[in-house]
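Each ligand, and each atom within it, is numbered from 1 in the order the structure gives.
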Amino acid sequence: MDILALINKKKYGQELTREEINFIVEGYTSGSIPDYQMSAFLMAIYFQTMSISEILILTEAMINSGEIYDLSSISGFKVDKHSSGGVGDKVSLIYAPLVASFGLKVAKMSGRGLGQTGGTIDKLESIPGFKVEIPFSEFVKIINQTNLSIMSQTDNIVPADKKIYALRDVTATVDSLPLVAASVMCKKIATGSDGIILDVKCGNGAFMKTISEARKLAQIMVELGIKFNKKIAAEITNMSEPLGRTIGNAIEIYEVLQALKGTGPADLNYIVCESAALSLCQAGLFSDLATAVTACQAKMQTEEPLNYFRAFIKAQGGDLNFIDNDLPLKDILKVKNIIEIKATQAGYMEIIDTTELGLLAVRLGAGRATKNEEIDYHAGIYLNKKTGENVAVGDVVMTLYTNRYITEPVYKWAERTFKIVTVKPREQKLIYEIIQ
Ligand code: URA
């Protein structure tokens, strides 16, 4: 088979066969197809998209590029949750200990930051000592001990996705519906959970900008999940502003701890409890969602979820001082430059470009602009004001933390992400719909 012919075939919008998709996935994973040809192929998919049967074959090819985990030695209902990618999206890190505290087993494999969005693995790695690369046997052992473990993709599980994911990040091919669907679902299927919750982000900070695009992605992923005999639900959630007030890595862990200590932001708590409640219903612990949500909210008022988080961090080698010391942000973030962006007029804050906010965090060092770039775990953004909040002239609306040398254009960049309006913006729904 000839890779050039296959790039051309997709370029002209034709449907690829199973053999052709397998050839490309195997070739790229093994290294016989180079980055530049795979980049062209991904861009062709971006413009021409894929049929549902091509997406299914792509998902299977990525699953078959590595091992499939057998979680049968873990008793109980195994759950997993995945986000299609958001800015300031730390939901999984609170959801996991919350459902673990109800006795569910969280077996989660997560990714790194992609495009403007942060990655759970990068956030966890900002905890000194925390190990994200653990062998499968340890993953199982930790779940059996603490009810939850989160690991990064190893080379032997969906290696095709690991490679393609990193390439998409630096070739502007992230926000492609078939590529997101296959990338998310291959990981969910290969890690062998019984129940899957998908958080499909929608809005100006998400890869899917409109509800109809997000719905299409959610429906495809739910269809893929059902084909693989999984209990699956997808929520379409609002990403027209970041969740909570923090964007970055260590700064987001700080907010996770606040949430687990009962002082987290309301938008974050709401999505966490809804997502956890969906898992509790899938596991059969509750028969209606509203009762499950109430139970989750009550549980968040106890110390249990924090204790599960603590045990999980300890089991994966993380420094518990980070959790126990209750340090203020200024002592957690070791950065040379702290820049305050101030309001030049009075009114209400309105965040207008969450993707640019995410990319600004990348520019500050919190994400990668090239494939092998090192992350600065301490870089990030704190939103002193969120949409709808009152702003007076001179108020700090956001604070940038970075070790990089920051010049004038970065201030301008920050200023382009929001405006101060005279009429209070209408409150938006946080969850648009649930598809299952
Ligand atoms: N998360 C993934 O795992 N893959 C994507 O493509 C986007 C979000």
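Proximity of Arg310 to Leu320: side-chain heavy atoms (C-beta onward) are separated by under 4.5 Å at one or more points.
Atom 8 (C) of ligand 1 has Ser84 O, 3.2 Å as its closest protein atom, hydrogens excluded (heavy atom only). Residue, atom and distance of the protein heavy atom nearest to atom 1 (N) of ligand 1 are His82 NE2, 3.3 Å.
The ligand atoms of ligand 1 that sit less than 4.0 angstrom from a heavy atom of Val184 are 1 (N), 2 (C), 3 (O), 4 (N). Taking every non-hydrogen atom of Arg168 and a distance limit under 4.0 Å, the qualifying atoms of ligand 1 come out as 5 (C), 6 (O). Residue Ser83 approaches ligand 1 through these ligand atoms, each under 4.0 Å from one of its heavy atoms: 1 (N), 8 (C). Short contacts between ligand 1 and Ser183, defined as distances under 4.0 Å to a heavy atom of the residue, involve ligand atoms 2 (C), 3 (O), 4 (N), 5 (C), 6 (O).
Lys10 approaches Gln48 most closely through the heavy-atom pair O-CG, 3.0 Å.
In this structure, Glu241 contributes its side chain and Ile351 its backbone to no donor-acceptor pair below 3.5 Å.
For ligand 1, the polar-atom distance check finds an N/O of Lys187 within less than 3.5 Å of one of the ligand's N/O atoms.
In this structure, Lys163 satisfies the cation-pi test against Tyr28, with its NZ or CZ atom closer than 6.0 Å to the six-membered ring centre and inside 45 degrees of the ring normal.
Under the 6.0 Å cut-off for aromatic ring centres, Tyr401 and Tyr382 do not qualify, their centroids lying 6.0 Å or more apart. Here Tyr308 and Phe102 keep their ring centres 6.0 angstrom or further from each other.
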